Enquirer: 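Just passing along the structure, written as structure tokens.
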Amino acid sequence: MEPTTKTETLDIEGMTCASCASFVEKSLTRTPGVQRAVVNFATEKATIDYLPTQASPATLKEAVVKAGYGVTERDPDTSAADRQAEIDQQKAVAYGKLKRRFWVAAGLAVLIMPLSMLMLWPALMQQMNMQVLNYGLLLLTLPVLLYSGREFYVSAWNGFRHRAANMDTLIAVGTGAAFLYSLAATVVPGWFTRQGIMPEVYYDTTATIIALILLGKLLELRAKTQTSAAIKALMGLQAKTARVVRPGGQEVDVPIEQVQLNDIILVRPGEKVATDGLIEEGHSAVDEAMLTGESLPVEKRGGDLVFGATLNKTGSFRFRVTKVGADTLLSQIVKLVEDAQGSRAPIQRLADKVSAVFVPTVVVIAILTFVLWFDLAPVESRLPLALVNFVAVLIIACPCALGLATPTAIMVSTGKGAEHGVLIRNAEALEKAHQVDTVLLDKTGTITRGEPAVTDFVPAPGQDAGALLQVVAAVERQSEHPLAAAVVRYAEAQEASVIAAAGFQAIEGKGAQAVVNSQPVLIGNFRLLEEAGISLPPAVRQAADALLAQAKTVLYVAVAGQAAGVIGVADTVRETSATAIKRLQAMGLEVVMMTGDTPQTAAQVAQQVGIARYFAEVLPADKAGKVKELQAEGRTVAMVGDGINDAPALAQADIGLAMGGGTDVAMEAAGITLMRSDLQGVVTAIDLSRQTIRTIKQNLFFAFIYNTLGIPIAAGLLYPFFGILLSPMLAAGAMALSSVSVLTNSLRLRGFSPLPS
Amino acid sequence: MDTTEIIVTLVGLALAAFVVWYFFLSARPTTSAVSSSGGVQQVDITVKGGYSPDVIEVERGKPVQLSFYRDEENSCSEELLLPDFSIRRDLPAFKTTLVELLPQQAGTFAFTCGMGMLRGRLVVK
Ligand SMILES: [Cu+2]
């Protein structure tokens, strides 16, 4: 850092999402004198490098305020964790309040109910003064109305003023009507008797409805917090501090928001990796399950990428920071899941349309119900009957079940997907994935590993395999060729001991030579040996031909002027591919492969994994065309790919699945990103999507059937035929249950677990 | 039909007509966003039983910042949804929550509460 730059950390207030963070970041970066600004959404901190000659903490603050956010005066006691705790506490207080309101309502309703029943026993009634009893009930009901149910009336009134109607409107109008009628019957019973109507009161109805609806809300609130549990857990994974190694070699623990690009960070066994970076020194096994869903730790060495929030298991290593704040993989996953949870599934459209007009329509139905009952019922009972049915219609018509049906299922399943390394871009992608009938796999990198690996190591007769491998690895360690890297990986996996090679020389287009154990060694293609005048013994030639027949690349080895063996190298099929493909086929999907390889190689791989149909020799530019070809056959195609050249095909497919974390371009084009390089993720994604859509359909069916049957029954449609009327109290119970059961159904998705591989 | 029935019927029908007119048919005022010096279109929205203003006009291609002040505790309005922009946000009571978006296409986009009952419209021109 140049001596002229100063660093300032600000606590930002009011950020609610990752895009807020980038808003603040942009505003700060545009401020004159600012060289670098990083805003971390999770910790709500901005770290700014600026030139004190051009900017000051005051101008920085101004920039934040201009972006619409606040700067908290630095108070060392309020950390991000404390603030989160404060928000959680606020929620707990609200929950507690609701609980108190419920218990007051429930307690009073339990008193009011039996007192109202007294009317059923004429003998008892004669000893009681009806007037006194009614006033008593009124006194007991008032707290239920004014304390427990107050929010309904306030909210209904606020909504009315905004020409908006919500479920509170229905409850407020319903219970309000029952109460006002009872109030009139209590205060001026004479008026009712003069009209030939018994001055009946409905205090029990009012109190019970409020108690039941509060119970429903209570259960709903509890279930709702569970739907977003997965994303909260993800956000909580971020490391709080990092051990930065200063250029002098001094190690300092610094808060994560002060970590800068190109810092060197030391990670010890058992520690969390603080942010994303590239290993410079050391090696270890890192548990990346939280990001990729891969349960086995991943081996990491110099040059490998490590990611923030993953857990270092065995060794220590140092890495150079390549990403901080909102750019890290964890932040991107969080953002992706958040976005998906905010998106709308096409399946929801009908429910949306219904919700929009629901409440006013129900009010109109309730009014017409009242009018019809009043006009058609016998004169002496027309007012109470009209009233009871009016209230029942209002209370049973709860649109919340409808509103909750889709989003809750989407929230649970996108969170669940992230847990298993399946990132769903939006609800539409989730919905599309369940309609798929054909899965098109791009061979390289999906079915296969996408990098060459040694498949056969065949020493010539009389050669010791272990010793030869050591010699070969000694030469290949010096080479930069990808095939050489495959040989080195193979030797390391076989734990061949490391020996030295001298005089290494790469021979362009043919191979390499070096001296090992004071013997000249040649490794390369057939021409290399041919030109050196080395002939192949029959056994070696046979082995080479067999490998070539399997469409493998063959490396020839000669030691001290004698052919010493051949090595077969090929892009290998992942162990999990065949099982995953079988699973997909068992799910009723046709699996099709496409590759740029020759028909022989393609046939070989297809046969190995059990694929019947494949396209060979497909040029990268034609991949999207193959997708179109399948779509022209009337298929709904899921395309699975991993490279940049797959992006057009991923976008063309009905649903694109980008694999292996994917390149950013592939991720952009894909509806679903699989964090793990494993076809098992495709199975998980499609399975999850199918289960989610099933859940949503159940929810919607339940919500619609409930309203389409509930409203006419409440209106008294069954009365002329069966004499059945729905009591408003039963309506309230059913309504409380409806949204809770939809939520419970959605939460069942939390039990989703991918089929074991 | 006696007089009472006629009165009840007429009053009921009038009420029903009023509900339909009041919630569906009456014209709503439109509020246009104010552009700040930084080129961000800003709108303040109060959430209290509904969104006011609830029809907001913005220009296409310029960042929009909506600040929602939730002036109530009622649970209906605790969530804000802008599905066309993939936004789902908790609105804490008696606090201002900022929502940013970049409208790239003209059209009308709904914003609603978590259950889709409180509704507003973002009109992008
Ligand atoms: Cu409800």
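Every chain is numbered from 1, with letters handed out A, B, ... down the list of sequences. The structure displayed is predicted, hence computed values, not measured ones.
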Enquirer: Heavy atoms only, distances under 4.5 angstrom: which of B/Ala17, B/Ala16, B/Ala110, B/Pro83 has the most pairs with chain A? Name it, please.
Expert: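 Of B/Ala17, B/Ala16, B/Ala110, B/Pro83, B/Pro83 has the most heavy-atom pairs under 4.5 Å with chain A.
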Enquirer: Please report the interatomic distance CG(B/Leu118) to CG(A/Asn158), rounded to the nearest 0.5 Å.
Expert: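 Rounded to the nearest 0.5 Å, the CG-CG separation comes to 10.5 Å.
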Enquirer: Output the option from A/Pro360, A/Ala386, A/Ser27 having the highest count of non-hydrogen pairs under 4.5 Å with chain B.
Expert: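 Of the candidates given, the most pairs with chain B belong to A/Pro360.
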Enquirer: Examine whether an atom of A/Ile365 lies under 4.5 Å from a heavy atom of chain B, and if so say whether it belongs to the side chain, the backbone or both; otherwise answer neither.
Expert: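 For A/Ile365, there is no contact with chain B at all, as no heavy atom is under 4.5 Å.
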Enquirer: So which residue, A/Leu98, A/Val371, A/Thr406, A/Val363, ends up with the most heavy-atom pairs under 4.5 Å with chain B?
Expert: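 Between A/Leu98, A/Val371, A/Thr406, A/Val363, the count favours A/Val371.
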Enquirer: Side chain from CB out, backbone as N, CA, C, O: work out which of these in A/Val154 comes under 4.5 Å of a heavy atom of chain B, or both, or neither.
Expert: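 Contact with chain B is absent: no heavy atom of A/Val154 under 4.5 Å.
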Enquirer: Which residues pass the ring pair (Phe, Tyr, Trp, His ring centres under 6.0 Å) test with B/Phe111, sequence neighbours left out?
Expert: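 Applying ring pair (Phe, Tyr, Trp, His ring centres under 6.0 Å) to B/Phe111 gives B/Tyr51, B/Phe68.
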Enquirer: With sequence neighbours excluded, tell me which residues meet ring pair (Phe, Tyr, Trp, His ring centres under 6.0 Å) with A/Phe102.
Expert: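 If we apply the ring pair (Phe, Tyr, Trp, His ring centres under 6.0 Å) test to A/Phe102, skipping adjacent residues, there are no hits.
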Enquirer: Considering only heavy atoms, which portion of A/Phe358 lies under 4.5 Å from any heavy atom of chain B: side chain, backbone, both, or neither?
Expert: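 For A/Phe358, there is no contact with chain B at all, as no heavy atom is under 4.5 Å.
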Enquirer: With a 4.5 angstrom heavy-atom cut-off, is it the side chain or the backbone of B/Leu81 that approaches chain A, or both, or neither?
Expert: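 Just its side chain gets close to chain A.
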Enquirer: Which region of B/Asp84, side chain (C-beta onward) or backbone (N, CA, C, O), has a non-hydrogen atom less than 4.5 Å from a non-hydrogen atom of chain A, or is it both or neither?
Expert: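 Side chain only.
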Enquirer: Are any non-hydrogen side-chain atoms of A/Thr361 and B/Val20 less than 4.5 angstrom apart?
Expert: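 No, side chains not in contact.
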